[in-house]
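A quick write-up on the structure given underneath.
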Amino acid sequence: MYRTHTCGKLRITDVGSPVTLSGWVQRVRNLGGMTFVDLRDRYGITQLVFNTENDAGLCQEARSLGREYVIQVKGTVAERSNKNSKMATGDVEVLVQNLVVLNSSELPPFTVEDDTDGGEELRMKYRYLDLRRNPMRKNLELRHKMALELRKFMDMQGFMEIETPVLMKSTPEGARDFVVPSRMNTGQFYALPQSPQLFKQLLMVAGYDRYFQIVKCFRDEDLRADRQPEFTQIDCEMAFVEQEDVLVTFENMTKHLFKSLKGVTFEEDFPRMSYADAITYYGSDKPDIRFDMRFVELTGNTSGKGFQVFDEAEYVGAICVEGCAGYSRKELDQLTDFVKRPQIGAKGMVYLKYNLDGTFKTSVDKFFEKEDFETWAKACGARPGDLVLMLAGAKTKTLTALGELRLEMGTRLGFRDKTKFSPLWVVDFPLLEWDEDSQRFYAMHHPFTSPKLEDVALLETNPGEVRANAYDLVINGVEIGGGSIRIHNDELQQKMFEVLGFTPEEAESQFGFLMNAFKYGAPPHGGVAFGFDRWVALFAGVDSIREVIAFPKNNSGRDVMNDAPAAISPAQLDELSLELKKRPGK
RNA sequence: GGUCUGGUAGUUCAGUUGGUUAGAAUGCCGGCCUGUCACGCCGGAGGUCGCGAGUUCGAGUCUCGUCCAGACCGCCA
């Protein structure tokens with residue numbers, strides 16, 4: 001038997017018991033006459049004691065142990081004379097009588113400690129060592145428990161988890177597909193699913209009116225801190241529901257996860273905000289409402305005074321930053337630089353300091369009068385001591401830039417507290433999005449999203465104005481999930497394809513199987529999908545989803561541990577009847 | 001595809017207007033130490049300054065290219 005207890009188990013009540021422990025050597029402290037060894041496994045750390053008075057030879061052996069050696073010890077639990085209140089096992093130690101080195105270890109390239117000295121790259125290359133660290137272990141435990149609580153809740157609500165294929169058919173809409181060549185069907189390819197969207201709708205047709213799945217999805221697009229090429233979704237669909245039913249069901253699910261994993265309860269319903277309002281007041285379809293700082297439009301109050309930037313602007317907007325009138329020139333310059341970064345792209349920033357003595361200091365003093373400043377301040381609800389920041393320009397771009405500035409100010413002022421959670425439903429998304437490059441509409445969500453009944457007529461006249469029965473769950477400015485009520489009517493679906501510029505033949509070849517299924521009694525249905533990795537990251541309080549994925553890909557989509565992706569052999573290519581245009585460089 | 005940041009000891013980093021033998025901390029190795037728990041003290045080893053060109057009497061430092069890593073934009077729910 002390798003162990004009678006784990007390394008996190010022993011307590012003062014075990015004193016006197018003979019025990020066997022196995023684990024990794026965290027650290028050896030050699031004090032000359034005696035040697036302490038911290039023995040670690042995923043349950044905790046237990047201190048081992050070796051004493052020359054008891055067994056000089058054994059003590060000598062203990063001194064030669066290196067970091068991360070795997071050892072097994074037999075000994076007796078004893079009460080410590082110096083207790084360590086910082087450790088769960090800190091009241092006891094094991095007096096070792098027998099030591100076996102199960103495996104030695106090379107010196108690890110970084111310290112396997114909570115506060116590791118390892119950089120990102122090394123941690124990824126030696127991920128199995130990184131995963132030994134408590135922070136990573138806790139993240140994966142959280143992930144496991146979230147999945148468990150989720151399944152418990154969904155089961156209680158009558159949802160069935162059903163697996164859908166990973167090898168499926170490529171579809172042109174949405175993200176780029178990962179494709180898999182088929183050996184048996186020469187020249188043909190499977191695609192990995194971007195989501196099980198079509199299958200879950202088919203399950204609705206099949207009568208499985210409450211489906212969910214914790215499922216891997218794949219998108220061949222560039223990565224971000226919150227985007228991996230393969231990621232996990234909580235995919236859900238319900239039949240015989242309206243938008244309200246879906247929102248209520250998954251708000252309850254969200255509350256259950258918050259309560260069971262974070263101990264957070266929400267007394268009130270989650271607030272809801274239309275997409276239009278989100279853009280107007282926060283410049284984003286995923287506003288962080290942990291703090292307010294809404295936009296105020298000043299377009300009508302800023303022109304005609306000879307300040308060209310404002311005169312020519314389609315939109316002039318402001319945020320009021322409370323208590324920041326004392327900002328220095330340097331701080332304001334920093335903010336100006338921030339909004340002028342190419343990623344944000346504002347041309348400049350105008351500030352208005354509403355000083356405590358009631359006077360104004362602005363960057364446009366020579367163009368405007370005190371009365372103008374008073375008007376602006378009043379519109380923004382600014383009081384003495386506040387700072388008003390203004391951006392101007394093309395409407396869409398300026399709103400986005402002002403949204404970034406708002407988030408930056410929220411961060412600077414400490415409003416974006418990771419321990420505070422502000423969920424929000426964003427509703428009434430537009431159905432379609434105009435794409436300048438290809439001069440056509442794209443489905444904002446996907447082509448099966450239903451338009452609002454009252455907007456259907458607009459499909460003919462003004463498709464861009466049509467609102468969808470689509471919704472997102474946003475928490476702390478992170479898009480946690482989104483979904484829609486689907487089209488279940490063949491005629492409306494055809495209309496939708498038409499608006500999207502599909503010929504009937506294209507629609508038939510891409511989605512014919514779904515259209516066909518809809519002819520056999522498709523119930524009204526809708527659903528939602530949540531980004532599981534993002535959600536775990538949010539709960540774990542980490543900024544990158546890599547921290548909650550055991551073996552993630554790096555910035556360039558590579559697994560730096562096993563060096564995937566890699567070239568395949570000519571024989572493999574041959575079997576697939578594939579020929580490369582050019583050989584990879586390495 | 002683009003913008004930005006970084007690459008120096010095993011690791012995390014510092015390195016001044018370009019100037020002698022490139023430093024610190026930590027880790028590692030050796031010695032001492034019987035109550036440590038980030039043990040302590042003494043000593044030691046450890047460097048192709050990512051790679052390649054260029055400028056220069058002289059490059060870790062400046063220029064160009066390239067590779068790698070990270071953040072973001074485009075892209076992507």
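Reckoned from all heavy atoms, side chains included, excluding hydrogens, waters and symmetry mates. Lettering of chains follows the sequences in order, A, B, ..., and the numbering in each one begins at 1.
- The 5' end of RNA chain B is approached more closely, in terms of each residue's nearest nucleotide, by A:Leu107 than by the other of A:Asp38 and A:Leu107.
- To the nearest 0.5 Å, the span separating CD1 on A:Ile549 from OG1 on A:Thr232 amounts to 6.5 Å.
- Side-chain nitrogen and oxygen atoms of A:Arg224 include none within less than 4.0 Å of the OP1 or OP2 phosphate oxygen of B:rC75.
- In this structure, A:Gln47 reaches the bases: a heavy-atom distance under 4.0 Å links it to at least one base atom across the strands shown.
- Using modelled atom types, one side-chain atom of A:Gln213 and one backbone atom of A:Thr164 make a donor-acceptor pair closer than 3.5 Å.
- Base pairing analysis places B:rG18 opposite nothing; no Watson-Crick or G-U wobble pair with both distances below 3.5 Å involves it.
- With both ends at atom P, the span from B:rG60 to B:rG70 equals 28 Å, rounded to whole Å.
- Remark: the A:Arg227 side chain and the B:rC75 base include a donor-acceptor N/O pair separated by less than 3.5 Å.
- The side chain of A:Asp222 sits closest to B:rC75 out of B:rG35, B:rC75, B:rC72.
- When distances run from any side-chain atom of A:Glu479 to the nucleotides B:rC28, B:rA77, B:rG35, the shortest one goes to B:rA77.
- One can place CG of A:Leu122 at 11 Å from C1' of B:rA69, the figure rounded to the nearest angstrom.
- Separating the CZ atom of A:Arg67 from the C1' atom of B:rU11 is a distance of 11 Å, rounded to the nearest angstrom.
- For the OP1/OP2 pair of B:rU11 and a distance below 4.0 Å, the side-chain nitrogens and oxygens of A:Thr116 include no atom meeting the criterion.
- Comparing A:Glu120 and A:Arg534 by the nucleotide of RNA chain B whose heavy atom lies nearest to each, the residue mapping closer to the 5' end is A:Glu120.
- Not a single donor-acceptor pair under 3.5 Å links the side chain of A:Ser422 to the backbone N or O of A:Asn476.
- Base pairing annotation: B:rC49 forms no Watson-Crick or G-U wobble pair, as no partner gives both donor-acceptor distances under 3.5 Å.
- In terms of phosphate contacts, A:Arg29 brings no side-chain nitrogen or oxygen within less than 4.0 Å of OP1 or OP2 of B:rU36.
- One N or O on the side chain of A:Thr400 and one on the backbone of A:Thr396 form a donor-acceptor pair closer than 3.5 Å.
- Rounded to whole Å, the P atom of B:rU21 lies 41 Å from the corresponding atom of B:rG2.
- In this structure, A:Met34 atom CE and B:rC39 atom P are separated by 15 Å, rounded to whole Å.
- Inspection of the A:Arg133 and A:Thr111 side chains reveals no N or O donor paired with an N or O acceptor under 3.5 Å.
- Atom name P, nucleotides B:rG15 and B:rC62: the rounded distance is 12 Å, in whole Å.
- Among the atoms of the strands shown, base atoms are found under 4.0 Å from some heavy atom of A:Leu31.
- If you check every strand for non-hydrogen atoms under 4.0 Å, A:Glu113 touches nothing.
- One can place CG of A:Asp337 at 19 Å from P of B:rU3, the figure rounded to the nearest angstrom.
- Look at CE on A:Met444: it is 11 Å from P on B:rA77, rounded to the nearest Å.
- Here A:Thr52 lies in heavy-atom contact (under 4.0 Å) with a base.
- Residue-level contact check: A:Arg123 touches neither bases nor backbone, having no heavy atom under 4.0 Å from any strand.
- Note: A:Phe429 and A:Tyr275 have tilted aromatic rings, judged against thresholds of 30 and 60 degrees for the angle between ring planes.
- Taking the six-membered ring where the residue is Trp, A:Tyr471 and A:Trp425 present perpendicular rings, their angle passing 60° and hence far from 30°.
- Candidate nucleotides B:rC76, B:rU34, B:rC28 were compared by shortest atom distance to the side chain of A:Arg219, and B:rC76 ranks first.
- A:Asp117 contributes no side-chain N or O that forms a donor-acceptor pair with the base of B:rG27 under 3.5 Å.
- Within the nucleic acid shown, A:Gly174 comes within 4.0 Å of sugar-phosphate atoms alone, with no base atom in reach, counting heavy atoms only.
- The base of B:rC37 is paired with the side chain of A:Arg80 by a donor and an acceptor separated by under 3.5 Å.
- A sub-4.0 Å separation between OP1 or OP2 of B:rA71 and a side-chain N or O of A:Arg341 is absent.
- Phosphate contact (OP1/OP2 of B:rC37, side-chain N/O of A:Asn82, threshold under 4.0 Å): absent.
- Proximity of A:Lys83 to the phosphate of B:rC37: no side-chain N or O atom is located under 4.0 Å from OP1 or OP2.
- Atom C1' of nucleotide B:rC73 and atom CD of A:Glu221 are separated by 14 Å, given to the nearest angstrom.
- Following rounding to the nearest Å, A:Asn555 (CG) and B:rU5 (P) show an atom-to-atom distance of 16 Å.
- One P atom belongs to B:rU5, the other to B:rG10, and the distance between them is 27 Å to the nearest Å.
- Atom CZ of A:Arg176 and atom P of B:rG74 are 15 Å apart (whole Å).
- For the P atom pair drawn from B:rG46 and B:rC72, the interatomic distance equals 41 Å after rounding to whole Å.
- Between A:Tyr128 and A:Tyr126, the ring planes lie perpendicular to each other; the angle is over 60°, past the 30° to 60° tilted range.
- Contact annotation: A:Gln343 does not reach the phosphate of B:rA71 (side-chain N/O to OP1 or OP2, under 4.0 Å).
- Among the atoms of the strands shown, none is found under 4.0 Å from any heavy atom of A:Asp220.
- The gap from the P atom of B:rC68 to that of B:rG50 amounts to 16 Å, rounded to the nearest Å.
- Straight-line distance between the P atoms of B:rU36 and B:rG43: roughly 24 Å, to the nearest whole Å.
- In this model, the phosphate group of B:rA69 is approached by a side-chain N or O of A:Asn554 to a distance below 4.0 Å at OP1 or OP2.
- When atom types are taken as modelled, the side chain of A:Asp559 and the backbone of A:Asp563 share no donor-acceptor pair closer than 3.5 angstrom.
- Within 4.0 Å (heavy atoms only), A:His446 reaches no atom of the nucleic acid at all.
- In this structure, A:Arg63 does not reach the B:rC29 phosphate: none of its side-chain N or O atoms is under 4.0 Å from OP1 or OP2.
- Straight-line distance between the P atoms of B:rU61 and B:rU16: roughly 11 Å, to the nearest whole Å.
- Among the protein residues, A:Phe36 comes within range of the nucleic acid bases, having at least one heavy atom under 4.0 Å from a base atom.
- For A:Glu93 against B:rG35, a side-chain-to-base donor-acceptor contact under 3.5 Å is present.
- Within the nucleic acid shown, A:Gly90 has no heavy atom closer than 4.0 Å to any nucleic acid atom.
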